[in-house]
Amino acid sequence: RSHPCFAFPDWAYKPESSPGSRQIQLWHFILELLQKEEYQGVIAWQGDYGEFVIKDPDEVARLWGIRKCKPHMNYDKLSRALRYYYNKRILHKTKGKRFTYKFNFSKVVLVNYPLLDMASSPFLSPFKNFKCLQCEKVMWNGG
DNA sequence: CGCGGAAAAT
DNA sequence: ATTTTCCGCG
């Protein structure tokens, strides 16, 4: 694994030699935005554990387009990519709630870290149960 | 909007 | 393999 410091579920990893594996994955990007408070007007955790709302679909698509160098990206196409995550059990749709999806954090091996009592970043809360494989710490972004 | 098939692109 | 693109359907 190229990112050995975190115990993500299998779906967090991608084959290293496949053409589609060179660039950032959409769900990584989504988490990246969710991590940053400055984007809370654009996308934010809301509702159940792992659930998030895309408050500004056009803006999320624009940012994703910038990241992937796809100037014509839009929410229609971005959402199609999100729908491909359904079968892969990465995401599912929160029915009845517009622009609302939910990460399937349930497949994660629970570790329970008392030290991270999760008042910290809203981003961290869905990850409090992730345990580092090598350093035995729970963390993110090398922190 | 949200869905998923189909085909192309990377 | 993971989108990106396009699109008909409900």
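Quick note on labels: first sequence line is chain A, next is B, and so on, each numbered from 1. Everything numeric in this text was worked out from a predicted model, so none of it was measured.
The interatomic distance linking A:Leu91 (CG) with C:dT3 (P) rounds to 10 Å, in whole Å. Between the P atom of C:dT3 and the CZ atom of A:Arg67 lies a distance of 13 Å, rounded to the nearest Å. Between A:Asn74 atom CG and C:dC7 atom C1' there is a gap of 13 Å when expressed in whole angstrom units. In this structure, A:Lys95 atom NZ and B:dG2 atom P are separated by 13 Å, rounded to whole Å. Between A:Ile24 atom CD1 and C:dA1 atom P there is a gap of 21 Å when expressed in whole angstrom units. With rounding to whole Å, A:Lys77 atom NZ is found 12 Å from B:dA9 atom C1'. Atom-to-atom, CZ of A:Arg83 to C1' of C:dG8 comes out at 13 Å; the value is rounded to the nearest Å. At whole-Å resolution of the value, CD1 in A:Ile30 and P in C:dT2 are 16 Å apart.
Remark: the A:Arg80 side chain and the B:dG5 base include a donor-acceptor N/O pair separated by less than 3.5 Å.
Residue A:Lys88 places at least one side-chain N or O closer than 4.0 Å to OP1 or OP2 of C:dT2. Distances shorter than 4.0 Å separate some side-chain N or O of A:Lys93 from OP1 or OP2 on B:dG2. For C:dT3, neither phosphate oxygen OP1 nor OP2 lies less than 4.0 angstrom from any side-chain nitrogen or oxygen of A:Trp64. For A:Tyr84, no side-chain nitrogen or oxygen approaches OP1 or OP2 of B:dC3 to under 4.0 Å.
Residue A:Gln25 has its side chain nearest to C:dT3 when only C:dT5, B:dC3, C:dT3 are considered.
Ring geometry, A:Tyr86 versus A:Tyr101: the interplanar angle falls from 30° to 60°, so the pair is classed tilted. Taking the six-membered ring for Trp and thresholds of 30 and 60 degrees, A:Trp45 and A:Phe52 have ring planes more than 60 degrees apart, a perpendicular arrangement.
Residues A:Asp48 and A:Lys102 come closest through the heavy atom pair CB-NZ, 3.7 Å. Between A:Leu63 and A:Tyr39 the shortest heavy-atom distance is CD1-CE2, 3.8 Å.
Under the 3.5 Å distance criterion, the side-chain polar atoms of A:Ser79 are left unmatched by any main-chain donor or acceptor of A:Lys77.
Note on A:Arg98: only backbone sugar-phosphate atoms sit closer than 4.0 angstrom, heavy atoms only; bases stay farther off. The residue A:Leu26 sits close only to the backbone: its heavy atoms come under 4.0 Å of sugar-phosphate atoms, none of a base. Heavy atoms of A:Tyr85 sit under 4.0 angstrom from primed sugar atoms or phosphate atoms, though from no base atom.
Mapping A:Lys70 and A:Tyr75 onto DNA chain B by nearest heavy atom places A:Tyr75 at the nucleotide closer to the 5' end.
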